[in-house]
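Let me begin by presenting the structure, written as structure tokens, before commenting on it.
Numbers here are sequence positions counted from 1. Every number for a ligand or one of its atoms is a count from 1 in the order of the listing.
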Amino acid sequence: MTELEQSFSLDGEDLPFQAGDTVLQAATRVGRYIPHLCWHPDFAAHGSCRICTVKANGRAAAACTVQASPGLDVESDTEELNAQRKTLLQMLFVEGNHFCPSCEKSGHCLLQATAYQMGMEGPHFEEFYPDRPVDASHPDILLDFNRCILCELCVRASRDVDGKNVFAIGGHGIGTRLLVNSASGQLADTPMALGDRAASICPVGVILPKRRGFAVPIGERRFDAAPVSEQGESPP
Ligand code: SF4
Ligand code: FES
């Protein structure tokens, strides 16, 4: 068997993979959906949200970090794993303030789309309603921390692509927060610009361009057209 013919099993179906692929990379390449939030094809895996947890040879593992290997037996689309994913999503929703109907990212939001995909119909847990003021200091970009799911994609994009280190994650446990790296803590006092990769990477509605509200009408947005499981390789 050549390198290109190597395969592993995903939910009982043989999937080819390339050397160095993770299970999530290999699955995404052939259009097979494994739920994920903190993974993005342009960046190294972060392995923090655990939405992509699968069973690999019977053991729980993050599909975005576990390497594909010949004969690996991966289960993903099972009642048990999807129920765990739904619980994680419900916890994310109550930990922040997610008012989907009034959010500019509604219909483009990976958290919302994944919740629909997992059949989430309500928060289940008691809402925390944290107090998280928005940062509207920047002339072109609004930060609404209420929706942050701590995926670190903006941290990685600003550091690794933009070379600016505008964002960081700080605090511990339930106090973990997205921070802006400036003396004032305000975005206006950073070199962040609208054209930065970090300005367009957020999978939810935290980092938003100003003066562009609802340019695409609700009902005509990406996840209105097709569920997240049918979106193939293109990132959010
Ligand atoms: Fe992720 Fe967006 Fe929060 Fe940054 S602001 S950590 S990209 S959810
Ligand atoms: Fe794998 Fe977040 S996508 S842990």
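- Residue Cys151 does not count as close to atom 3 (Fe) of ligand 1, with no N, O or S atom under 2.8 Å.
- Distances below 4.0 Å separate heavy atoms of Leu178 from the following atoms of ligand 1: 5 (S).
- Partner Cys202 forms a side chain to side chain contact (heavy atoms under 4.5 Å, CB included) with one of Ile207, Asp144, Leu110, Leu208 and no other, that one being Ile207.
- Not a single N/O/S atom of His36, whether from backbone or side chain, sits less than 2.8 Å from atom 2 (Fe) of ligand 2.
- Linking ILVMFWY residues whenever their side-chain heavy atoms come closer than 4.5 Å, directly or via other members, places Met192 and Phe145 in the same cluster.
- Looking at every heavy atom in both residues, Ile174 comes nearest to Arg177 through O-NH1, 3.4 Å.
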Apply the test side-chain contact (heavy atoms from CB on, under 4.5 Å) to residues Lys105 and Arg147: give CA-CA distance (whole Å), side-chain angles for both, the deciding distance (0.1 Å), then the verdict. CA-CA 10 Å; Lys105 204 68 186 267; Arg147 304 156 182 161; 5.9 Å; no
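- Leu15 is connected to Val74 through a chain of hydrophobic side-chain contacts under 4.5 Å among Ile, Leu, Val, Met, Phe, Trp and Tyr, so both are in one cluster.
- Distances below 4.0 Å separate heavy atoms of Cys52 from the following atoms of ligand 2: 1 (Fe), 3 (S), 4 (S).
- Contact atoms of ligand 2 toward Cys64: 1 (Fe), 3 (S), 4 (S) (distance under 4.0 Å to a heavy atom of the residue).
- Near Arg50, meaning under 4.0 Å from one of its heavy atoms, ligand 2 places the atoms 2 (Fe), 4 (S).
- Residues His124 and Gln90 have side chains that never bring a donor and an acceptor to within less than 3.5 angstrom of each other.
- What sits closest to atom 6 (S) of ligand 1 on the protein, heavy atoms only, is Glu152 N, 3.3 Å.
- By the 4.0 Å N-to-carboxylate-O rule, Glu104 lies close enough to Arg221 to be salt-bridged with it.
- Taking every non-hydrogen atom of Val204 and a distance limit under 4.0 Å, the qualifying atoms of ligand 1 come out as 8 (S).
- Of the protein's non-hydrogen atoms, Cys148 SG, 2.3 Å is the one closest to atom 3 (Fe) of ligand 1.
- For atom 4 (Fe) of ligand 1, the closest heavy atom belonging to the protein is Cys154 SG, 2.3 Å.
- Ligand 2 places these atoms under 4.0 Å from at least one heavy atom of Cys49: 2 (Fe), 3 (S), 4 (S).
- Scanning both residues, Phe167 and Val155, for their nearest heavy atoms gives O-CG1, 3.7 Å.
- The contact set between ligand 1 and Pro203, taken as ligand atoms under 4.0 Å from a residue heavy atom, comprises 7 (S).
- Contact atoms of ligand 1 toward Cys202: 2 (Fe), 5 (S), 7 (S), 8 (S) (distance under 4.0 Å to a heavy atom of the residue).
- Close contacts of ligand 1 with Val206, meaning ligand atoms under 4.0 Å from a residue heavy atom, involve 5 (S).
- Here the closest non-hydrogen pair linking Phe93 and His98 is O-CD2, 3.5 Å.
- Atom numbering of ligand 2 starts at 1 in the shown order; those under 4.0 Å from a heavy atom of Trp39 are 3 (S).
- Looking at Ser48 against ligand 2, only its backbone comes within 4.0 Å, counting heavy atoms.
- Tyr33 and His36 have tilted rings, their planes meeting at an angle from 30° to 60° on a 0 to 90° scale.
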